[in-house]
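For reference, the structure is listed below as structure tokens.
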Amino acid sequence: MTRRDSILREMGFAPLWRLRQRAAQNTQDVQGAMSPADTVSADSAPLPAVAQAPADARAQRIAAMGWDELQATVSACRDCRLCEQRKQAVLGVGDLEADWLFVGEGPGAEEDARGEPFVGQAGKLLDAMLAAIDLERGRKVYIGNVVKCRPPGNRTPEAAETAACFPYLQRQIELLRPKLIVALGKPAAETLLDVEVKVGAARGRLFDYRGIPLVVTYHPAYLLRNLTDKAKAWEDLCFARRTMKGLSDVGG
Ligand code: URA
């Protein structure tokens with residue numbers, strides 16, 4: 001256990017959930033209970049977009065990229081079928097020295113048109129959520145998405161699309177090394193944690209993405225449809241803020 005882990009435990013932020021190997025089966029939710037309704041069977045799982053050896057080589061190339069090359073590669077990416085209908089790929093926006101990383105699902109129509117994440121209705125709510133905890137887009141905050149190209153009709157990205165795009169997000173996180181990651185909604189949480197996540201069960205807990213604390217809350221688009229859960233999102237943001245403060249207090 002690292003010093004930071006021990007301090008976080010002392011502060012009552014346990015349990016600290018560990019990232020599973022991506023090779024592990026995605027069949028267990030964060031409470032360890034199997035949920036047949038949520039379990040993706042091997043039969044129904046889409047085939048990977050790219051075969052394993054070339055995928056590994058590609059991931060290694062991406063893992064060595066700086067921001068400029070990453071931006072250029074994402075802009076030109078044709079490694080899954082989301083490229084077919086996009087206007088442009090949307091890498092992310094914000095402070096490259098960010099303490100906070102917010103991760104959504106994928107660009108919508110306005111983001112696709114403007115090339116910036118969270119600029120539509122959900123984005124307005126996200127900006128308000130940031131303001132509620134004294135944060136501002138671009139000031140110690142970076143905003144990105146699991147997939148960089150708009151899924152047609154704003155559908156949830158498919159597993160193959162998420163898998164093809166994940167090396168980009170991994171590289172973004174590696175370059176940013178934020179102090180805290182906030183996963184906005186189930187697809188972001190599941191992609192980053194590599195476990196099946198129920199947001200309702202995961203919120204209020206501290207997870208770990210490769211040594212970076214991670215909290216889960218509702219996606220702003222969900223909150224626009226479920227106004228009563230806004231209070232819970234507020235609690236989650238306060239939890240995130242407290243966690244960040246704890247990290248700063250221990251010199252993280
Ligand atoms: N929803 C997301 O998940 N990301 C965006 O960029 C916009 C809407």
Side-chain angles (χ1 to χ4, degrees), residues 67 70-71 74-75 77 80-83 85-96 98 100-132 135-139 141-173 176 178 180-194 197-200 202-203 207 209 214-227 229-230 232-233 236-237 240:
W67 282 111
L70 190 62
Q71 175 68 72
V74 166
S75 295
C77 183
C80 84
R81 62 184 181 173
L82 291 183
C83 67
Q85 293 183 48
R86 71 171 180 224
K87 290 197 173 74
Q88 58 190 314
V90 182
L91 178 63
V93 69
D95 192 340
L96 300 186
W100 297 79
L101 170 62
F102 289 79
V103 180
E105 185 175 321
E110 292 196 53
E111 291 76 19
D112 184 47
R114 287 174 52 185
E116 180 172 335
F118 283 101
V119 288
Q121 281 305 109
K124 288 195 179 73
L125 178 56
L126 178 60
D127 285 339
M129 290 163 70
L130 294 178
L135 295 178
E136 197 181 317
R137 181 184 289 251
R139 290 184 56 189
V141 171
Y142 189 95
I143 303 170
N145 278 313
V146 167
V147 293
K148 314 306 186 199
C149 298
R150 181 188 181 206
N154 297 343
R155 64 164 169 75
T156 303
E158 291 176 0
E161 295 156 356
T162 300
C165 223
F166 190 52
Y168 296 136
L169 181 58
Q170 285 179 303
R171 186 58 185 152
Q172 285 176 291
I173 298 173
L176 290 165
L180 182 69
I181 299 173
V182 181
L184 300 167
K186 182 178 172 80
E190 291 189 334
T191 302
L192 288 163
L193 297 172
D194 199 26
V197 172
K198 290 179 171 37
V199 175
R203 46 181 297 275
F207 294 82
Y209 171 85
L214 181 150
V215 300
V216 176
T217 189
Y218 295 106
H219 190 287
Y222 166 87
L223 293 172
L224 289 172
R225 299 188 304 269
N226 298 272
L227 298 180
D229 280 336
K230 273 190 179 177
K232 293 184 188 161
D236 299 341
L237 292 173

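Bear in mind that the values here come from a model prediction, so they are computed numbers and not experimental data. Counting starts at 1 for both ligands and their atoms, in listed order.
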Task: Interfacing atoms of ligand 1 (cut-off 4.0 Å, heavy-atom, His219) - done: 1 (N), 2 (C), 3 (O)
Open item on the list: Polar contacts were defined as any N/O atom of the residue lying under 3.5 Å from an N/O atom of the ligand; does this apply to Phe118 and ligand 1?
Closed with: yes
Open item on the list: Checking a contact table here: which protein heavy atom is nearest atom 2 (C) of ligand 1, and how many Å away?
Closed with: Gly106 O, 3.1 Å
Task: Name of the residue among Val199, Leu223, Asp236, Thr217 meeting side chain to side chain contact (heavy atoms under 4.5 Å, CB included) with Asp229 - done: Leu223
Open item on the list: Counting non-hydrogen protein atoms only, what is the nearest one to atom 4 (N) of ligand 1? Give residue, atom name and distance.
Closed with: Asn145 OD1, 2.8 Å
Open item on the list: Does ligand 1 come near enough to Gly108 that some N or O of the ligand is less than 3.5 Å from an N or O of the residue?
Closed with: no
Indicate every side-chain donor-acceptor pair of residues 112-119 with a distance under 3.5 Å to a residue at least two apart or in another chain.
{"unit_1": "Asp112", "atom_1": "OD1", "unit_2": "Lys87", "atom_2": "N", "d": "2.8"}
{"unit_1": "Asp112", "atom_1": "OD1", "unit_2": "Gln88", "atom_2": "N", "d": "3.3"}
{"unit_1": "Asp112", "atom_1": "OD2", "unit_2": "Lys87", "atom_2": "N", "d": "3.2"}
{"unit_1": "Glu116", "atom_1": "OE2", "unit_2": "Arg137", "atom_2": "NH1", "d": "2.9"}

Open item on the list: Show the atoms of ligand 1 that are less than 4.0 angstrom away from any heavy atom in Gly104.
Closed with: 3 (O)
Open item on the list: Under a 4.0 angstrom heavy-atom cut-off, which atoms of ligand 1 come close to Pro117?
Closed with: 6 (O)
Open item on the list: So that I can tick it off, tell me whether Glu111 and Arg150 are bridged by a salt bridge, with the cut-off set at under 4.0 angstrom between side-chain N and carboxylate O.
Closed with: no
Task: Lys124 bridged to Glu110 by N-O distance under 4.0 Å - done: no
Task: Within-4.5 Å side-chain heavy-atom neighbours: Val147 and Asn145 - done: no
Open item on the list: Heavy atoms only, cut-off 4.0 Å: how does Glu105 contact ligand 1, side chain, backbone, both, or neither?
Closed with: both
Open item on the list: I'd like to know if Glu110 contacts ligand 1, where contact means a heavy-atom distance under 4.0 Å to any ligand atom.
Closed with: no
Open item on the list: Using the salt bridge (charged side-chain N to carboxylate O under 4.0 Å, His left out) definition, which of the options Lys148, Arg155, Arg86 pairs with Glu161?
Closed with: Arg155
Open item on the list: Restricting to ring-ring contact (aromatic ring centres under 6.0 Å, His included), what partner residues turn up for Tyr142, sequence neighbours left out?
Closed with: Trp67
